[in-house]
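One-based numbering along the sequence shown.
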Amino acid sequence: MLWRLTLRSLWHRRATLVLVVLAIALSTALLAGVERVRQETRDRFTSTVSGVDLIVGKPSGALNLLLYSVFRLGEPVANLDWGSVEAITKRPEVAWVVPISLGDNLRGFPVVGTTTDYFRYYRYGRDEPLRFSDGEPFDDVFDAVLGAGVAARLGLKVGDEVVLGHGTGTVSVRRHDTMPFKVRGVLAATGTPVDQSVHISLAAMTAIHLDWVAGTPLPGRHTSPDQARARDLQPDSVTSLLVGLNSRVAVFQMQRWINTRAPEPLQAVIPGVALGQMWRMLGMVEQALRVISVAVLGVALLVMLSALLTALNERRREMAILRALGARPWQIGLLMVGESALLSLVGVVVGVLLLQGVAALVMPVLSERLGMALSLWRPAPLEALWLLVVLVSGMLVGLIPAWRAYRHTLSDGLTPRY
């Protein structure tokens, strides 16, 4: 009986209560969305690179070195000499070294100069290797391997010809028109910045800059691809190194050796430590977003409380009639709590569905721009707790009108005051 009364009472006031449900839904979507984005972003950043013990580059701060070497964000301050690369490679603690050279782009997508060891040793997620959806690693100097996102966005496939632009900006005023590349392979999607990168050999990176000095092409110099192949294309420097060690025990020892090595000043960072530093920096932002979400939820609950109290004043005769028909005071209070609980439940369900709809529309765009496949369809561990908080808060809000309804007497309902 109480359940039917609750449903009919809510349906009778549906025009007003739709706004209450919408307010709760929006606050739920915001609260759950902030938590999911926070957790998904952490997971994706953490899983972008796996199995790399050290990242080596010029001293520029641990976080900056990590961002431009792995996530293609920011700008490197300088390159390290090739002699340093050879010295680090010869160390007995080192199992493998993958050099990274940056500085060019393909229609806004970063170009990564590296070696074939990149495809052999680079790992992401839970030690997942890079795989090819089509083609194979570069073999000729002017071969290119595209990330899945680059190939999909630009509509390129194996065998197509591409021309790289100079610089890391999205618009290239100067291009390497005399040395076009052929797409040799396309990597399978990884959900990491690898998808948004173009990979060429270190020799190719040297070749396309044979006619350049200090970022400017030399007038009258036009080296052809065949002439470039005949030249010594050993690089003089690279942007950074990804280093894997034979034993994790030697990480701190190797880091100290690199950081104190002469004659070239270098910096070696541990990826996990650098990520921890980034999360500490962003901790205040995360807390601020949570506070805003909770504040929005508080406003939504106040809206619901206001609607219930306003309706209660209009339903005093209804409450008195129920009492006259035999309803007990606690049943009247339970009716009010049931209404608030049902409104909260419907608001939470609508909010979750709203969040999923927004995710379906927005996340593909964000993934394409950020190079990370953020999926909001997997609930975050803390999300269920926040949804429970919304439901419990809605029920607690219902206790206030329930207490007022409980205290209304039969005579107060039959003889209302004007």
Can you confirm whether [X] sits close enough to [Y] that some side-chain heavy atom of one is under 4.5 Å from a side-chain heavy atom of the other?
X	Y	result
Thr48	Phe71	yes
Leu102	Val111	no
Met179	Phe142	yes
Leu242	Ile55	yes

Distance check, rounded to the nearest 0.5 Å: [X] atom [atom1] versus [Y] atom [atom2]?
X	Y	atom1	atom2	result
Leu241	Ile100	CG	CD1	8.5 Å
Asp232	Thr206	CG	OG1	8.5 Å
Ser84	Asn79	OG	CG	11.5 Å
Leu130	Arg120	CG	CZ	13.5 Å
Trp279	Gln277	CH2	CD	12.5 Å
Arg91	Gln253	CZ	CD	7.0 Å

Between [X] and [Y], is there a donor-acceptor pair closer than 3.5 Å when you use the side chain of the first and the backbone of the second?
X	Y	value
Asn246	Pro92	yes
Asp160	Lys157	yes
Asn105	Pro110	no
Asn259	Ala268	yes
Gln267	Ser60	yes
His176	Ile208	yes
Gln356	Leu353	no

For this session: Classify the ring geometry between Tyr121 and Trp96 as parallel (under 30°), tilted (30 to 60°) or perpendicular (over 60°).
Result: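 Rings of Tyr121 and Trp96: parallel, as their planes differ by under 30°.
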Can you name the closest pair of heavy atoms from [X] and [Y] and give their distance?
X	Y	answer
Val186	Gly147	CG1-O, 4.5 Å
Gly347	Ile24	CA-CG2, 3.8 Å
Ile200	Met205	CD1-N, 3.9 Å
Arg72	Ser197	NE-OG, 3.2 Å
Pro99	Val97	CD-O, 3.7 Å
Ala29	Leu354	CB-CD2, 4.2 Å

For this session: Go through the side-chain N and O atoms of His209 and Asp104 and say whether any donor and acceptor fall under 3.5 Å apart.
Result: yes
Problem set entry | Any side-chain donor near an acceptor of the partner, Ser237 and Asp81, under 3.5 Å |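 No, no side-chain donor-acceptor contact under 3.5 Å.
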Exercise. Would you say the ring centroid of His199 lies under 6.0 angstrom from that of Tyr118?
Worked result: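 Under 6.0 Å, so yes.
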Exercise. Centroid-to-centroid, Phe119 to Phe132, below 6.0 Å?
Worked result: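 They qualify: ring centres under 6.0 Å apart.
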Can you establish whether the number of heavy atoms outside [X] located under 6.0 Å from its atom [atom1] is more than 12?
X	atom1	answer
Asp236	CG	no
Met278	CE	yes
Arg229	CZ	yes

For this session: Dump the intermediate steps for side chain to side chain contact (heavy atoms under 4.5 Å, CB included) on Leu26 and Val296, then the final yes or no.
Result: CA-CA 8 Å; Leu26 291 175; Val296 172; 5.8 Å; no
Exercise. Run the side chain to side chain contact (heavy atoms under 4.5 Å, CB included) check on Phe138 and Thr116 step by step: do they pass?
Worked result: CA-CA 7 Å; Phe138 43 70; Thr116 53; 3.8 Å; yes
Exercise. Hey, is Arg248 close enough to Asp53 for a salt bridge, meaning N to O under 4.0 Å?
Worked result: yes
Exercise. Taking NZ, NE, NH1 and NH2 as the nitrogens, is one of them in Asp140 or Arg184 under 4.0 Å from a carboxylate oxygen of the other?
Worked result: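 No, this pair does not count.
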Problem set entry | Residue that, paired with Arg107, satisfies side-chain contact (heavy atoms from CB on, under 4.5 Å) out of Val150, Leu164, Leu154, Val198 | Leu154
